[in-house]
Each structure stands twice: as C-alpha cells, then as structure tokens.
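Data first, discussion second: the structure below is written as structure tokens.
Since the model is a prediction, treat every value here as computed from it, not as a measurement. Residues: numbered from 1 along the sequence shown.
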Amino acid sequence: RNLTLQIVAWDQAAVTADRLNGTTTATIVVTDSNDNDPTFIQQLYFLTASENTVSEVLATVGAFDLDSGVNGLIHFNLTSTLGDASSFAINGSSALYTAKPLDRESISVHELQVYAFDRGTPQRWTMATVMVE
C-alpha cells in the first residue's frame, strides 16, 4: 500500500505577495508485517473415505491469512496421531485426498493434523484436525 503526500513550503517574507514557495510529492510505501496466523475455516473435520480408492478428494480444508504478499501465502503439511499419514496428501489448493488405497480392516480411523504455514518471517502457522473413517 502506498500513501502519497503533497508538501508545500513557504518562506517568511514580510509581504505576503513576495513569499516564495516550493512543492514536492513524497510517497510512503507501507509494507505488511507478518502479524497474522493462518486461519482454518474449520478446526475439526469428520470425513468418510472409500476403501481401495486412490486420489479420492475427501474435502477442501480451506485456510486464509489476513497478511498480504508472501506473508499471506499458505502451504500445507500433514501428520498423523492415529492411522497412517502417508495414506493421504494435500495439494496447494488445500484439497485433501487419498494417496494410496485404504484398508478399513487394518485401520478403521485416521486422525490427521493439517498444518497451514505462511511464507512470512517469522513463519506463522495453525493446525486443524481431520478424522477420516
């Protein structure tokens, strides 16, 4: 964001008509500070996946960041506390999908943590939980 100011200065001549002035323009560039965490639209997702299907899109786990420029760009990462995180993947558009066939008899429930990281410095992040049956 830019702010433009017009600056006018007059000298202090005793007679107003003899006063001289000068004008200039100053542009102030306001840069964003990385002061906002990414935010998920939901903090908890409950999803159902088909067995033995690869590349099935389960949901879009949307997130946003109020910062601008690189500070507002988000990338995602997955981990798991229950089940197998490598069975799932998330793309740059936040679409969560199956990365390999699921076997409900082996693992019936997967609990995933989806992390949204911004690209600012210092990097800020947030997490949502995804339960997949």
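L78 has its side chain out of reach of F76: every pair of non-hydrogen atoms, C-beta onward, lies at least 4.5 Å apart. Between Q123 and D118, some side-chain heavy-atom pair lies under the 4.5 Å cut-off. Counting heavy atoms from C-beta on, the side chains of K100 and S86 come closer than 4.5 Å.
T129 places no side-chain N or O within donor-acceptor distance of the main-chain N or O of Q113, the cut-off being under 3.5 Å.
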Passes side-chain contact (heavy atoms from CB on, under 4.5 Å), W125 versus N77? Steps please. CA-CA 11 Å; W125 60 275; N77 192 18; over 6 Å; no
Go through F88 and V130 one step at a time and tell me if the side-chain contact (heavy atoms from CB on, under 4.5 Å) criterion holds. CA-CA 11 Å; F88 303 90; V130 178; over 6 Å; no
Does the side-chain contact (heavy atoms from CB on, under 4.5 Å) test come out yes or no for D103 and E51, once each step is laid out? CA-CA 6 Å; D103 181 6; E51 260 190 318; 3.3 Å; yes
For the pair N36 and D65, evaluate side chain to side chain donor-acceptor pair (under 3.5 Å) and give the outcome as yes or no after the intermediate values. CA-CA 7 Å; N36 292 292; D65 192 317; 5.0 Å; no
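Q42 CD: more than 12 foreign heavy atoms inside a 6.0 Å radius. The 12-atom threshold is not exceeded at CD of Q12, counting heavy atoms of other residues, nucleotides or ligands nearer than 6.0 Å.
Note on V114: it clusters hydrophobically with L47, by side-chain heavy-atom contacts below 4.5 Å among ILVMFWY residues. Linking Ile, Leu, Val, Met, Phe, Trp and Tyr whenever their side-chain heavy atoms come within less than 4.5 Å leaves V109 and Y45 in two separate clusters. One hydrophobic cluster holds both L82 and F46 under the rule that ILVMFWY side chains link at heavy-atom gaps under 4.5 Å.
Scanning all heavy atoms of the two residues, the minimum distance from N21 to V8 falls at CB-CG1, 4.5 Å. Residues D32 and S68 approach most closely at OD2-N, 3.0 Å, considering heavy atoms. Nearest heavy atom pair, residue V54 against residue P101, reads CG2-CD, 3.4 Å. Closest heavy-atom contact between R104 and E133: NH1-C, 2.8 Å. The minimum heavy-atom distance between D67 and S33, with the atom names listed, is OD1-O, 3.0 Å. When all heavy atoms are compared, the tightest approach of I7 to A26 is CD1-CB, 4.0 Å.
The distance from atom CH2 of W10 to atom OG1 of T16, rounded to the nearest 0.5 Å, is 11.5 Å. Here OG1 of T81 is found 8.0 Å from CG of L112. Values are rounded to the nearest 0.5 Å.
The only option from L102, L96, T98 that meets the side-chain contact (heavy atoms from CB on, under 4.5 Å) definition with E56 turns out to be T98.
In summary, D37 and R124 engage in a salt bridge, as defined by a charged side-chain N under 4.0 Å from a carboxylate O.
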